[in-house]
Amino acid sequence: MSGQGAREAVFPTRMNLTLTKQRLKGAQTGHSLLAKKRDALMMKFRAILRKVDEAKRLMGRVLQLASFSLAEVTYATGGEIGFQVQESVRQASYTVRAKSENVSGVMLPAFEGVRSKEGNDFNLTGLSRGGQQVQRCRETYVKAVGTLVELASLQTAFMILDEVIKATNRRVNAIEHVIIPRLDNTVAYINSELDEMDREEFFRLKKIQGKKKRDTEEADALADAAAGGAASSDADGKASGAESGEQRENPDDGIGGGAAGGGDMLDQDKDEDVIF
């Protein structure tokens, strides 16, 4: 599953942005630590692989010598001495002790062969014939058992390291290719949404300021219009008062005019009567 283009379903808030950035930083730190752990395990793995190769090569030579030594014992004693050895042994002269080794947080088991310092229980085996061959064969097989124990320890550590390295590689790849890109996409999405919200808020504030400015201008215009109307009504009132005063000062103008007009009409009538 690729993390390219994928993001988490979160609500775009500044708190979620802070939390996502913290998670992204933790993922990057974890990726760095796991990468260092993988490198350390790979170094140990390569070292163990070289030791395993050397131990297997040595194991072939040691077992070959042990087989020839057993053949010499069989030839020297004239028969099989396995039953005599089993009857004479009371306790093990070679034991295996287990311990653990910590490699970058991984506990690797390590086996160690311990040889008993007590006397051998089958010193008298082969006393009649082939005693030296028996002792030589015993020493050869002790070395072979020690090589087997070392090889078993290396092989066990090799298998455990192989599984741990595979799991660590899966984790490193998952963090690098899925988790970190997903968190990056989430951070980018939250930032884009927050920027869009900031732009919307800025646009809303501009619209509110524009509306307030228009309302203020309309109110000022209405106030100016009301003030102009009041001034014109006062001027009209003053003009009408002046005209009425003039009429009161000249009350006979209309009457005289009417009389003059009447005399003219009378004179016209008289003339007409004269003509006809």
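Because only heavy atoms are used, hydrogens play no part in the values below, and waters and symmetry mates are left out as well, while side chains stay in.
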**Request:** Measure the NZ-CD distance between K143 and E139 for me, rounded to the nearest 0.5 Å.
**Result:** 7.5 Å
**Request:** Would you give the length of the straight line joining atom OG1 of T147 to atom OH of Y141, rounded to the nearest 0.5 angstrom?
**Result:** 13.0 Å
**Short N-O contact, E200 and K207, less than 4.0 angstrom** = no
**Request:** Consider only side-chain heavy atoms of I, L, V, M, F, W and Y, link residues closer than 4.5 Å, and tell whether V187 and M197 are in one cluster.
**Result:** yes
**Test item: L58 and E150 side chains (from C-beta on) under 4.5 Å apart, heavy atoms** = no
**Asked** Any side-chain heavy atom of D39 sitting closer than 4.5 Å to one from M43?
**Response** no
**Asked** Is there side-chain contact between K99 and E112, with at least one heavy-atom pair below 4.5 Å?
**Response** yes
**Item:** V103-I160 co-clustered via ILVMFWY side chain contacts under 4.5 Å
**Value:** yes
**Item:** Under 3.5 Å side-chain donor-acceptor pair for D195 and S192
**Value:** no
**Prompt:** To the nearest 0.5 Å, what is the distance between OG (S104) and NZ (K36)?
**Reply:** 11.5 Å
**Message:** Measuring only between side-chain heavy atoms, which start at C-beta, is F111 closer than 4.5 Å to T156?
**Reply:** yes
**Message:** Tell me if the CE atom of M107 is crowded by more than 12 foreign heavy atoms within 6.0 Å.
**Reply:** yes
**Residue pairs fulfilling ring pair (Phe, Tyr, Trp, His ring centres under 6.0 Å) with at least one residue in residues 9-48, sequence neighbours excluded** = F45-F158
**Message:** As an exercise, state the distance from CG of L108 to CD1 of I48, rounded to the nearest 0.5 Å.
**Reply:** 5.5 Å
**Asked** When you measure from the side chain of N16 to the backbone N and O of P12, does any donor-acceptor pair fall under 3.5 Å?
**Response** no
**Asked** With the threshold set at 4.0 Å, does a side-chain nitrogen-carboxylate oxygen contact exist between R57 and E54?
**Response** no
**Prompt:** Would you say V164 and T168 make side-chain contact, with heavy atoms under 4.5 Å?
**Reply:** yes
**Item:** Straight-line distance of N185 CG to I190 CD1, nearest 0.5 Å
**Value:** 11.0 Å
**Message:** Is there a path of hydrophobic side-chain contacts, each under 4.5 Å between heavy atoms of I/L/V/M/F/W/Y residues, joining V52 to V106?
**Reply:** yes
**Nearest-0.5 Å distance, CG of residue L183 to CD of residue Q28** = 9.0 Å
**Asked** Would you say the side chain of K21 lies within less than 4.5 Å of the side chain of T18, judging by non-hydrogen atoms?
**Response** no
**Test log, rule side-chain contact (heavy atoms from CB on, under 4.5 Å), inputs Q155 and K56** = CA-CA 10 Å; Q155 194 73 27; K56 285 186 176 181; 3.9 Å; yes
**Request:** May I ask you to decide if V149's main-chain N or O and S153's side chain share a donor-acceptor pair within less than 3.5 Å?
**Result:** no
**Item:** Non-hydrogen side-chain atoms of L34 and I175 separated by less than 4.5 Å
**Value:** yes
**Request:** Just do the salt bridge (Lys or Arg N to Asp or Glu O under 4.0 Å) check on E101 and K44 with the steps written out, would you?
**Result:** CA-CA 12 Å; E101 181 183 3; K44 185 67 175 179; 3.3 Å; yes
**Prompt:** Would M59 and V145 show up in the same hydrophobic cluster when neighbours are defined by side-chain heavy atoms closer than 4.5 Å?
**Reply:** no
**Message:** When you compare the side chain of K212 with that of D215, does any pair of heavy atoms fall below 4.5 Å?
**Reply:** no
**Item:** Step-by-step salt bridge (Lys or Arg N to Asp or Glu O under 4.0 Å) determination, D198 to R204
**Value:** CA-CA 10 Å; D198 291 338; R204 187 179 67 83; over 6 Å; no
**Asked** V114, V96: one ILVMFWY side-chain cluster at the under-4.5 Å cut-off?
**Response** no
**Item:** Pairing of E196 and R199 as salt bridge, 4.0 angstrom limit
**Value:** yes
